[in-house]
Amino acid sequence: MMIPFLDLKAINLAQAAELEAAFRRVLDSGWYVLGHELERFERDFAAYCGSGHAVGVANGLDALTLILRAYGVGPGDEVIVPSNTFIATWLAVSHCGATPVAVEPLAATYNIDPAGIDAAITARTRAIIAVHLYGQPADMDPINALAARHGLKVIEDAAQAHGARYKGRRAGALADAAAFSFYPGKNLGALGDGGAVCSDDAHLAATVRLDRNYGSAVKYEHLRLGVNSRLDELQAALLVEKLATLDAGNRRRAAIAARYGERLAGLPDLTLPQVPDWAEPAWHLYVVRHPRRDLLARTLAAAGVGTMIHYPVPPHRQPAYASLGLGEGALPLAEAIHREVLSLPIGPTMTLEQADLVAAAVAAALR
Ligand SMILES: *Cc1c(COP(=O)(O)O)cnc(C)c1O
């Protein structure tokens, strides 16, 4: 038995004809940056998310950074971030010259604990970034209410949550602005790097549109100190095709998650994902928790089951953030999660039979 953690090649080959036709469209157009393919993708993706505007950018980290820059976040400012996230959430804050202030997660969902945010707000706080980690929406209503009371912006890091819903509304339309990544392994993945900013705020969207292109709307007229962070025509054309199959892929992911939920229930010391009744996750990852996680991963590898760890070391324990002085024990909930989580195979081309084999291998390892 060999069940890969994620079979990206199979995912893209399943759409080979559409992707090849998209490539041909771009090749024949002779136009490769900021053209009709990007306009079409931005229209489609905004409509999909239920957001007023979508602006294509080069990657998810840039999407976050450009939102913060457009809101004027800079040196001396603080931005609240989850302690339990991929480091890009923090790096976006640092790249603006601001300071990430970490708030611990809820044990049940691994997402930022709204109750912990209040105590982290200071006179310097400008914004809160909520991450929909593993594709599960963060509890946005209390976060938005708190932000409104303090005059703060709320930004969704939706890099793992394409298509997820919170109380019926899609990720990307749940706060002031949202950042998406189209890194190949995400639920909506390009064949290279890509990202987008979604927002109902026309001014924010227009500012990001300027900033992604040297601060320019009219060639050689530069209104802001922008960067080069554009989603190219080829990736946009491929993403138009892949967006059309996102919901089907997410449905398969949900079916696999449900199957794991049935087959893995009650195994000793194994914690399964918990989904609040208002959440419809995109199931980017299926993350279980076990006190002897490394042994479980090794046993599964020996049985031919690919797993990964999201993530092995939290941002505050990375050498890059040594200057914050947050030692071991500073953020104990995030640290414990990083020691114990394991991501099982899940994806749009995986079968329920494969999920059963994975579940049987987990059960055999733990009994
Ligand atoms: C992937 C990811 C990012 C960064 O996206 P890139 O396109 O790789 O820059 C940011 N935040 C989270 C939670 C992610 O998973």
Side-chain angles (χ1 to χ4, degrees), residues 34 36-71 73 88-89 92 111 127-133 135-141 143-145 147-148 152-183 186-190 194-213 229-231 235-236 239-247 249-250 278-282 284:
L34 296 182
H36 296 308
E37 297 291 343
L38 178 61
E39 284 168 18
R40 163 134 186 238
F41 176 68
E42 288 177 342
R43 252 194 331 270
D44 289 1
F45 193 61
Y48 178 85
C49 295
S51 174
H53 309 269
V55 183
V57 299
N59 55 65
L61 172 57
D62 281 4
L64 285 166
T65 310
L66 289 168
I67 292 168
L68 291 170
R69 281 175 54 121
Y71 281 140
V73 174
T89 315
N111 275 324
I128 301 164
I129 304 181
V131 181
H132 307 311
L133 199 68
Q136 165 131 243
D139 191 2
M140 297 306 293
D141 282 351
I143 297 172
N144 284 326
L152 308 175
K153 295 293 183 190
V154 179
I155 298 155
E156 297 171 71
D157 179 341
Q160 303 188 357
H162 320 72
R165 289 183 201 264
Y166 173 75
K167 301 184 181 177
R169 283 176 301 132
R170 282 235 166 90
L174 303 174
D176 292 297
F180 285 91
S181 163
F182 307 123
Y183 179 78
K186 310 286 180 169
N187 289 35
L188 179 58
V197 170
C198 285
S199 182
D200 282 340
D201 177 345
H203 184 255
L204 182 274
T207 306
V208 171
R209 218 172 264 290
L210 282 177
D211 284 356
R212 74 171 174 188
N213 187 39
S229 180
R230 300 172 300 215
L231 181 62
Q235 297 307 332
L239 284 166
V240 165
E241 304 304 329
K242 294 202 65 180
L243 180 58
T245 64
L246 173 59
D247 281 344
N250 282 352
W278 41 255
E280 228 179 278
H284 175 58

ask   = Would a distance-only check, ignoring hydrogens and angles, find a side-chain to backbone donor-acceptor pair under 3.5 Å from Asp247 to Gly163?
value = no
Distance (rounded to the nearest 0.5 Å) between Ile129 CD1 and Glu156 CD = 11.5 Å
request  = Assess whether side chain to side chain contact (heavy atoms under 4.5 Å, CB included) is satisfied between Asp62 and Arg212, documenting all intermediate values.
outcome  = CA-CA 9 Å; Asp62 281 4; Arg212 74 171 174 188; over 6 Å; no
query = Which value, rounded to the nearest 0.5 Å, describes the distance between Asn144 atom CG and Leu174 atom CG?
reply = 8.0 Å
request  = Test side chain to side chain contact (heavy atoms under 4.5 Å, CB included) on Asp44 and Leu239 and set out the steps.
outcome  = CA-CA 10 Å; Asp44 289 1; Leu239 284 166; over 6 Å; no
query = Any sub-3.5 Å donor-acceptor pair from Ser229's side-chain atoms to Val57's backbone N or O?
reply = no
remark   = Interatomic distance, OH@Tyr183 vs CD@Gln160, rounded to 0.5 Å, equals 12.0 Å
key: Any donor-acceptor pair under 3.5 Å from Ser51 side chain to Ser199 backbone   = yes
Check: Ala190 main-chain N/O paired with Lys242 side-chain donor or acceptor under 3.5 Å = no
query = Has the side chain of His53 got a donor or acceptor atom that lies under 3.5 Å from a matching backbone atom of Cys198?
reply = no
remark   = Heavy atoms of Ala164 and Pro281 approach each other most closely as CB-C, 4.2 Å
key: Closest heavy-atom pair and its distance - Leu68, Ala127   = CD2-CB, 4.5 Å
task = Give a yes or no answer on whether the side chain of Asp201 reaches the backbone of Asp176 with a donor-acceptor pair at less than 3.5 Å.
result = no
task = Answer yes or no: are there more than 12 heavy-atom neighbours, outside Tyr48 itself, under 6.0 Å from its atom OH?
result = yes
task = Mind checking the CG-CZ spacing from Leu188 to Phe41? Nearest 0.5 Å is all I need.
result = 5.5 Å
ask   = Is there a side-chain contact between Asp139 and Tyr166 (heavy atoms, below 4.5 Å)?
value = yes
request  = Please report the shortest heavy-atom distance between Ala171 and His132, naming the atom on each side.
outcome  = CB-CD2, 3.9 Å
Nearest atoms (heavy-atom pairs only) where Leu38 meets Gly56 = CD1-CA, 4.1 Å
message = Checking side-chain polar atoms at under 3.5 Å, does Asn250 have a donor or acceptor matched by the opposite partner on Asn187?
response = yes
inquiry  = Can you give me the closest heavy-atom contact between Ala130 and Ile143, atom names plus distance?
reply    = CB-CD1, 4.1 Å
note = dist Glu39:CD -> Glu37:CD (nearest 0.5 Å) comes out at 10.0 Å
query = Who are the side-chain hydrogen bond (donor to acceptor under 3.5 Å, both in side chains) partners of His162, not counting sequence neighbours?
reply = none
Gap separating the CD1 atom of Ile67 from the CG atom of Asp157, nearest 0.5 angstrom = 9.0 Å
ask   = Is Asp141 close to Lys167 at the side-chain level, that is, under 4.5 Å between some pair of heavy atoms?
value = yes
Closest non-hydrogen atom pair between Ile155 and Ala175, with its separation = N-CB, 4.5 Å
